[in-house]
Enquirer: 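Below is a structure I'd like to ask you about.
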Amino acid sequence: MLFNKPAMKKSLFVLLTFLFLLSPSLLSAQKVIRGTVKDAKTGETLPAANIQIEGTYRGTITNDDGKFALKIRELPATLLVSYIGYASTRIPITSASKEEQLILLEPVVIDLGAVVVTAEDPAVSIMREVIRRKKIWRSKLYSYRVDAFTRQRLENDSSIVLITESISEAFWDRKKGSREVIKSKRQTSNLSQEENFAGASYVSNFYDDDIEIQGFKLIG
């Protein structure tokens with residue numbers, strides 16, 4: 001295939017000219033905005049104020065002096081400026097906007113609910129309500145099922161003697177009581193399968209008033 005060299009040179013020249021003319025417009029579509037965020041009433045700078053380009057996940061925060069710098073890739077854009085305890089503000093940015101911005105945020109008053117002071121420890125009243133609701137919930141419980149993993153480890157002063165493990169399903173029914181279905185077991189080689197007694201046997205209901213575990217009585 002033959003190429004016309006003059007034609008190729010002309011096409012290349014046109015392409016380069018087009019890119020040269022296009023480049024300034026691309027550059028003008030980007031802008032680096034620098035600024036300072038301050039309290040509108042006191043004039044104090046606000047460190048760690050949040051600046052975000054609206055509609056994107058791009059943004060930055062102010063430094064210890066309340067200053068920031070942010071590159072905006074597409075114009076026009078809007079900066080969302082926020083700070084805890086202050087009203088957020090929106091700053092429109094165009095190609096004609098100043099590269100150095102002074103942003104003043106107005107403090108806002110946050111109304112909190114009234115604080116009631118009583119002689120009783122709040123924890124006591126909370127636990128009283130927990131107990132009241134527990135009795136209502138417990139009376140409606142007729143059965144439950146849990147997946148259980150049991151691991152037993154026997155040690156002496158210097159080493160581990162044996163380890164047994166089991167995976168099972170444990171069931172409780174108000175009328176039928178408890179039962180367990182062993183799905184799998186494993187143990188160290190110094191113990192046979194018949195000697196592996198690992199199992200949940202009974203899964204305690206921690207909503208009970210008194211819970212017995214391995215001979216110890218705990219408060220639910």
Side-chain angles (χ1 to χ4, degrees), residues 46-62 80-88 90 108-220:
L46 301 177
N50 185 65
I51 298 96
Q52 181 182 356
I53 301 175
E54 188 176 41
T56 74
Y57 293 107
R58 298 186 65 247
T60 186
I61 62 173
T62 57
L80 301 178
V81 185
S82 59
Y83 195 82
I84 296 176
Y86 291 79
S88 300
R90 302 168 78 252
V108 294
V109 178
I110 300 175
D111 293 327
L112 300 177
V115 177
V116 179
V117 179
T118 64
E120 185 181 59
D121 187 335
V124 175
S125 59
I126 291 174
M127 289 309 301
R128 185 183 296 113
E129 181 65 12
V130 169
I131 293 172
R132 186 187 72 81
R133 295 193 181 192
K134 182 190 75 169
K135 291 179 179 179
I136 297 173
W137 179 89
R138 190 71 175 84
S139 65
K140 297 179 181 179
L141 179 64
Y142 294 95
S143 64
Y144 62 81
R145 169 198 168 279
V146 297
D147 294 316
F149 169 75
T150 306
R151 190 174 195 267
Q152 299 174 343
R153 185 172 72 177
L154 182 62
E155 300 180 20
N156 57 24
D157 293 338
S158 58
S159 63
I160 297 175
V161 177
L162 60 87
I163 297 175
T164 61
E165 295 179 338
S166 74
I167 296 176
S168 61
E169 285 183 291
F171 302 85
W172 176 85
D173 184 273
R174 179 179 291 185
K175 294 182 179 180
K176 299 179 181 179
S178 304
R179 70 185 181 95
E180 182 181 21
V181 177
I182 303 294
K183 291 187 173 182
S184 66
K185 285 185 176 183
R186 66 178 183 175
Q187 63 282 322
T188 50
S189 59
N190 60 341
L191 191 69
S192 67
Q193 182 73 29
E194 290 73 20
E195 296 175 296
N196 186 340
F197 296 105
S201 299
Y202 172 71
V203 178
S204 301
N205 185 339
F206 287 88
Y207 278 93
D208 289 338
D209 293 332
D210 297 311
I211 305 167
E212 290 191 7
I213 300 177
Q214 298 295 323
F216 295 93
K217 181 173 288 188
L218 308 176
I219 298 176

Enquirer: Taking only residues two or more places apart in sequence or in another chain, which ones pass side chain to side chain donor-acceptor pair (under 3.5 Å) with Thr188?
Expert: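 Scan of Thr188 (side chain to side chain donor-acceptor pair (under 3.5 Å), adjacent residues dropped) gives Asn190.
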Enquirer: Taking side-chain contact (heavy atoms from CB on, under 4.5 Å) as the test, write out the residues that go with Lys185, two or more places apart.
Expert: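 Only Ser166, Ile182, Gln193, Asn196 meet the side-chain contact (heavy atoms from CB on, under 4.5 Å) criterion with Lys185.
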Enquirer: Applying side-chain contact (heavy atoms from CB on, under 4.5 Å), can you list everything that pairs with Ile160, at least two apart in sequence or on another chain?
Expert: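 Per chain and number, Ile160 pairs via side-chain contact (heavy atoms from CB on, under 4.5 Å) with Arg153, Glu155, Ile163.
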Enquirer: Test of understanding: with side-chain contact (heavy atoms from CB on, under 4.5 Å), list the residues that count as partners of Arg145, not counting sequence neighbours.
Expert: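 Partners of Arg145 under the side-chain contact (heavy atoms from CB on, under 4.5 Å) test: Asp147, Glu169, Phe171.
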Enquirer: Any donor-acceptor pair under 3.5 Å linking the side chain of Thr62 with the backbone of Ala48?
Expert: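 At least one qualifying donor-acceptor pair exists.
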Enquirer: To the nearest 0.5 angstrom, please state how far the CD1 atom of Ile84 sits from the CG atom of Asn50.
Expert: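 Reported to 0.5 Å precision, the distance equals 10.0 Å.
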Enquirer: Between Leu141 and Trp172, is a side-chain contact (heavy atoms from CB on, under 4.5 Å) present by the stated rule, with each step listed?
Expert: CA-CA 10 Å; Leu141 179 64; Trp172 176 85; 4.0 Å; yes
Enquirer: Return the set of residues passing side chain to side chain donor-acceptor pair (under 3.5 Å) with Glu129 (not counting sequence neighbours), or none when no residue passes.
Expert: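 Here the qualifying residues are Arg132, Arg133.
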Enquirer: Roughly how far apart are Tyr144 OH and Ser178 OG, rounded to 0.5 Å?
Expert: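 Going from OH on Tyr144 over to OG on Ser178, the span is 6.0 Å.
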Enquirer: First locate atom CD1 of Ile53, then atom OG1 of Thr60, and finally report the distance between them rounded to the nearest 0.5 Å.
Expert: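 Reported to 0.5 Å precision, the distance equals 10.0 Å.
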Enquirer: Among Gln152, Gln187, Arg186, which residue satisfies the side-chain hydrogen bond (donor to acceptor under 3.5 Å, both in side chains) criterion with Glu165?
Expert: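 Among the candidates, only Arg186 passes.
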Enquirer: Would one find more than 12 heavy atoms of other residues, nucleotides or ligands at under 6.0 Å from atom CD1 of Ile136?
Expert: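 Yes, because the 6.0 Å sphere around CD1 of Ile136 holds more than 12 heavy atoms from other groups.
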Enquirer: How long is the span from the CZ atom in Arg174 to the OG atom in Ser139, to the nearest 0.5 Å?
Expert: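 Here the rounded value is 7.0 Å.
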Enquirer: Which atom pair, heavy atoms only, marks the closest approach of Ser143 to Asp173?
Expert: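 Between these two residues, the closest heavy atoms are CB-OD2, 3.9 Å.
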Enquirer: Taking side-chain contact (heavy atoms from CB on, under 4.5 Å) as the test, write out the residues that go with Val109, two or more places apart.
Expert: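 Val109 satisfies side-chain contact (heavy atoms from CB on, under 4.5 Å) with Asp111 only.
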Enquirer: The criterion is side chain to side chain donor-acceptor pair (under 3.5 Å); which residues satisfy it with Arg90, sequence neighbours excluded?
Expert: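 Side chain to side chain donor-acceptor pair (under 3.5 Å) check on Arg90 returns Glu54.
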Enquirer: Once side chain to side chain donor-acceptor pair (under 3.5 Å) is applied, do any residues pair with Tyr83, and if so which ones, sequence neighbours excluded?
Expert: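 For Tyr83 there are no side chain to side chain donor-acceptor pair (under 3.5 Å) partners, ignoring immediate neighbours.
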Enquirer: On a heavy-atom basis, which atom in Phe149 and which in Arg151 lie closest, and how many Å separate them?
Expert: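 Closest approach of Phe149 to Arg151, heavy atoms only: CE2-CB, 4.0 Å.
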